Amino acid sequence: GAVVSQHPSWVICKSGTSVKIECRSLDFQATTMFWYRQFPKQSLMLMATSNEGSKATYEQGVEKDKFLINHASLTLSTLTVTSAHPEDSSFYICSARAGQNYNEQFFGPGTRLTVL
Amino acid sequence: AQSVTQPDIHITVSEGASLELRCNYSYGATPYLFWYVQSPGQGLQLLLKYFSGDTLVQGIKGFEAEFKRSQSSFNLRKPSVHWSDAAEYFCAVGATNAGKSTFGDGTTLTVKP
């Protein structure tokens, strides 16, 4: 099956610093990747849709200057949390879709971000 | 706009008992429907999906779900629950072209010995 990895699996940083999270599709080319945020015991909230080679589409209420998304290749998307604050602490999950007409998403294992 | 409702926040069943997790959706066209399972601190694993065809779909780990258009439901079932099934379960509906999915709030399953 299709495998999606995320790195790092967890990260602790100081308030005001920036953190980059990588999402990779290991055995397929992902035309579209999605970034989700999940608070404890809550559902996944879609943050943005990332298409290779183009700007990400952000969901309403998500600050694009705060959460920078880059999808430079068909196997890699990155999410950078800029000037992180404690309220940005969360579980970030990416998913990847293999093709335009293929609706199934393959999820990464998630990244736990803790901002002190 | 698409939406998903999982009416049960928390369900407790005894090991070996049957299980049904409810999911109701709202979507203007034929939906793509999914059930995922999430263990603590982990990503999501796809249990099964419905795109078209047979309304009773079989998934991994002995799970099945039935799509009922008249009830806008896609309930997940398992005839005999194992302790390892304890986890968070999410129902999701996907748009046919956009690819992105909307998730329900999840149901936490606890399995009693």
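Proteins come first, then strands; the chains are lettered A, B, ... in the order of their sequence lines, and each starts at number 1. Keep in mind that what you see is a predicted model, and the values were worked out from it rather than measured.
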Answer yes or no: are there more than 12 heavy-atom neighbours, outside A/H7 itself, under 6.0 Å from its atom NE2?
no
Answer yes if B/L21 and B/V4 sit in the same cluster of Ile, Leu, Val, Met, Phe, Trp and Tyr residues linked by side chain heavy atoms under 4.5 Å apart, and no otherwise.
yes
Just so I know, are the side chains of B/Q38 and A/I93 near enough to count as touching, which here means a heavy-atom distance under 4.5 Å?
yes
So which part of A/Q38 gets closer than 4.5 Å to some heavy atom of chain B, the side chain, the backbone, both or neither?
side chain
Is a donor on one side and an acceptor on the other found under 3.5 Å between the side chain of A/S43 and the backbone of B/G106?
no
Where is the tightest heavy-atom contact between A/Q105 and B/Y36, given as atom of each residue plus distance?
O-OH, 4.0 Å
Shared hydrophobic cluster for A/L79 and A/L74 (ILVMFWY, side-chain gaps under 4.5 Å)
no
Would you say A/K66 has more than 12 foreign heavy atoms packed within less than 6.0 Å of its NZ?
yes
Cluster check A/V115, A/M45: I/L/V/M/F/W/Y, side chain < 4.5 angstrom
yes
Compare all side-chain heavy atoms of A/L46 with those of B/T102 and state whether any distance is below 4.5 angstrom.
no
Chain A heavy atoms under 4.5 Å from B/F103: which part of the residue, side chain, backbone, both or neither?
both
Atom CD1 of residue position B/I60 - does it have more than 12 heavy atoms of other residues, nucleotides or ligands inside 6.0 Å?
yes
Under a 4.5 Å heavy-atom cut-off, does chain A meet the side chain of B/L46, its backbone, both or neither?
side chain
Testing the basics here: between B/L44 and A/F107, what is the closest heavy-atom pair and its distance to 0.1 Å?
O-CB, 3.6 Å
Is there a path of hydrophobic side-chain contacts, each under 4.5 Å between heavy atoms of I/L/V/M/F/W/Y residues, joining B/L33 to B/L76?
yes
Should B/Q42 and A/F91 count as side-chain neighbours, where that means a heavy-atom distance under 4.5 Å?
no
